Student: 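I'd like to ask some things about the structure below.
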Amino acid sequence: MKFILGTKENMTQLFLESGSMTPVTVIKAEPAVVTRIREKDRDGYVAVQIGSGEKKEKNISKPEKGQFKGLGNFRYLREFRLPESEEVAVKEGDSVSLDQFETGDKVRLTGVSKGKGFQGVVKRHKFAGGPRSHGQKHSEREAGSIGATGPQRVLKGTKMPGRMGSDTITVKKASVVKVDTDNNLIYVKGAVPGRKGTLIKITA
C-alpha cells in the first residue's frame, strides 16, 4: 500500500504526449516520517502513523515530544489503516516520499471541503424557490412548508437551512498525471476537495 500526506497547492493544466489537455490539481507532498506502527495484538488494528510538515518547538506539547522521540516537530500527524493480512514494510523512523508513486497510478484522495458557513435551502439543497408572481412577495428563496399539515411536526432529515461545507470528501480512482520528485509535487487529474493549503491524504 502506498501512502503520503500532502497539501493542495493550485489547479492548472498539462498537455499529454497525445497532445490532449487535461486539468490537474497540484499537491505538494514533502517526505514524511513514520512515527508509530499500530499492531493488531497491542492496538487492535494494523496501521502506520506518519508525521509531516514542521511546527515550532514552543508549540509542541510534552506528550507529542515523547511520541516523536526526537524524529522531528511535525505539524500533521495521520494514520493509514492497513489490511490485517498485509505485511508492514516500514518501521519507525523510516522516510516516506513520492518515489513510491508513478504516472498512471490510481489514487484515493481525502480532504476537508471548503466551509461555506450558514446557507439557505436554494444554495445548500438546490431548491428552486417560490414563484415570482401570482401574489408571492417575499418567498423567492424560501423552503416552503416543512410539515404544518399531515404529521404536524418536522420530520427528521428534512432539508432545511444550515451549515454547509467543511465535510470530509474522498475522491476515488484519481489518475496521477505527473510526479515531480525534485520539487515534491504530484499532479492529479481533476479537482481535489478543499482550499489552497488543505491537508490531503493520498493512498494507492
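What you are looking at is a predicted structure, and each value in this text was computed from that prediction instead of being measured.
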Student: Is F74 close to I60 at the side-chain level, that is, under 4.5 Å between some pair of heavy atoms?
Tutor: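 They are not in side-chain contact.
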Student: Pairing donors with acceptors under 3.5 angstrom, does anything connect the side chains of Y45 and E79?
Tutor: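 Checked: Y45/E79 side chains pair up, N/O donor to acceptor below 3.5 Å.
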Student: Would you say T198 and T7 make side-chain contact, with heavy atoms under 4.5 Å?
Tutor: no
Student: Which heavy-atom pair separates G51 from L77 by the least distance, and what is that distance?
Tutor: CA-CD1, 3.8 Å
Student: Search all heavy atoms of V177 against all heavy atoms of T103 and return the closest pair with its distance.
Tutor: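 Taking every non-hydrogen atom into account, O-CG2, 3.2 Å.
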Student: Please confirm whether the backbone N or O of Q49 pairs with a side-chain atom of T35, one donor and one acceptor, at under 3.5 Å?
Tutor: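 Here the side-chain-to-backbone pair exists.
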Student: Could you see if F101 belongs to whatever hydrophobic cluster contains V26? Use Ile, Leu, Val, Met, Phe, Trp, Tyr and a side-chain cutoff under 4.5 Å.
Tutor: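 Looking at the clustering, V26 is in a separate group from F101.
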Student: What I'd like to find out is whether the side chain of D180 reaches to under 4.5 Å of the side chain of I186, using heavy atoms alone.
Tutor: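 Result no, sub-4.5 Å side-chain heavy-atom pair not found.
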Student: To check you understand the geometry: which heavy-atom pair defines the closest contact between S20 and S18, and what is its length?
Tutor: OG-OG, 3.1 Å
Student: Regarding E57 and N73, do their side chains bring together a donor and an acceptor under 3.5 Å, going by distance alone?
Tutor: yes
Student: Return yes if some donor-acceptor pair links the side-chain N/O of R132 with the main-chain N/O of G130 below 3.5 Å, else return no.
Tutor: yes
Student: Whether the side chain of D94 engages the backbone of K91 through a donor-acceptor N/O pair (distance < 3.5 Å, no angle test) should be reported.
Tutor: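 Between the backbone of K91 and the side chain of D94 there is a qualifying donor-acceptor contact (under 3.5 Å).
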Student: Please determine whether residues V192 and M11 belong to a single hydrophobic cluster, defined as Ile, Leu, Val, Met, Phe, Trp and Tyr linked transitively by side-chain heavy-atom distances below 4.5 Å.
Tutor: no
Student: Hey, is CD on E54 packed in by over 12 heavy atoms from elsewhere, all under 6.0 Å?
Tutor: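 Check fails, neighbour count at 12 or below.
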Student: Does the side chain of V46 reach to within under 4.5 Å of the side chain of P83, using non-hydrogen atoms?
Tutor: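 No, side chains not in contact.
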Student: Which pairs with one or both residues in residues 152-169 pass side chain to side chain donor-acceptor pair (under 3.5 Å), sequence neighbours excluded?
Tutor: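 Every pair satisfying side chain to side chain donor-acceptor pair (under 3.5 Å) with a residue in residues 152-169: there are none.
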Student: Could you tell me whether E87 atom CD has more than 12 heavy atoms of other residues or ligands within 6.0 Å of it?
Tutor: no
Student: Would you call E9 and K28 a salt bridge, using N to O less than 4.0 angstrom?
Tutor: no
Student: Find the distance between OH (Y187) and OG1 (T12) and round it off to the nearest 0.5 Å.
Tutor: 7.5 Å
Student: Between I169 and S113, what is the shortest heavy-atom contact and its length?
Tutor: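 Closest approach of I169 to S113, heavy atoms only: CG1-CB, 3.9 Å.
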Student: Do L98 and L185 have side-chain heavy atoms sitting under 4.5 Å apart?
Tutor: no
Student: Just so I know, are the side chains of V107 and T203 near enough to count as touching, which here means a heavy-atom distance under 4.5 Å?
Tutor: no
Student: Check whether any side-chain heavy atom of R36 lies under 4.5 Å from a side-chain heavy atom of E92, and answer yes or no.
Tutor: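 Side-chain contact under 4.5 Å: yes.
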Student: State yes or no: do V24 and L16 share one hydrophobic cluster built from I, L, V, M, F, W and Y residues joined by side-chain heavy-atom distances below 4.5 Å, directly or via other members?
Tutor: yes
Student: To the nearest 0.5 Å, what is the distance between CD on E84 and CZ on R81?
Tutor: 8.5 Å
Student: Quick check on R75: does its CZ atom have over 12 non-hydrogen neighbours (other residues, nucleotides or ligands) under 6.0 Å away?
Tutor: no
Student: Measure from the side-chain N and O atoms of K173 to the backbone N and O of R108, and report whether any donor-acceptor pair falls under 3.5 Å.
Tutor: no
Student: Grouping I, L, V, M, F, W and Y whenever their side-chain heavy atoms are under 4.5 Å apart, do L14 and V176 come out in a common cluster?
Tutor: no
Student: Which of parallel (below 30°), tilted (30 to 60°) and perpendicular (above 60°) describes F80 and F3?
Tutor: parallel
Student: Any donor-acceptor pair under 3.5 Å linking the side-chain atoms of S175 with those of K106?
Tutor: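 There is such a pair (donor and acceptor under 3.5 Å, judged by atom type) between the side chains of K106 and S175.
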Student: Which heavy-atom pair separates D105 from K2 by the least distance, and what is that distance?
Tutor: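 Taking D105 first and K2 second, the nearest heavy atoms are OD2-NZ, 3.0 Å.
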Student: Kindly compute the distance separating CD (E30) from CD1 (I4), expressed to the nearest 0.5 Å.
Tutor: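 If I round to the nearest 0.5 Å, the distance is 9.5 Å.
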Student: Flag yes if more than 12 heavy atoms outside K55 fall under 6.0 Å of its NZ atom; otherwise flag no.
Tutor: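 Yes, enclosed.
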Student: About how many Å separate NZ of K40 and CG of L82, when rounded to the nearest 0.5 Å?
Tutor: 13.0 Å
Student: Could you report the tightest heavy-atom contact between K116 and K123, atom names first, then the distance?
Tutor: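 So the two residues come closest at CD-CE, 4.3 Å.
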Student: Supply the atom-to-atom distance H125 NE2 to M164 CE, rounded to the nearest 0.5 angstrom.
Tutor: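 Nearest 0.5 Å value for the NE2-CE distance: 8.5 Å.
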Student: Working note: E102 + V179, criterion side chain to side chain contact (heavy atoms under 4.5 Å, CB included); need CA distance, chi angles, decisive distance, verdict.
Tutor: CA-CA 7 Å; E102 298 177 354; V179 179; 5.9 Å; no
Student: Count I, L, V, M, F, W, Y as connected when their side-chain heavy atoms are under 4.5 Å apart, and connections chain through other members. Are V90 and I50 then in the same cluster?
Tutor: yes
Student: Say you draw a straight line from OG of S97 to CG of N184; how long is it, rounded to the nearest 0.5 Å?
Tutor: 8.0 Å
Student: Does any part of the side chain of I202, heavy atoms only, come nearer than 4.5 Å to the side chain of L5, both counted from C-beta?
Tutor: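 They are not in side-chain contact.
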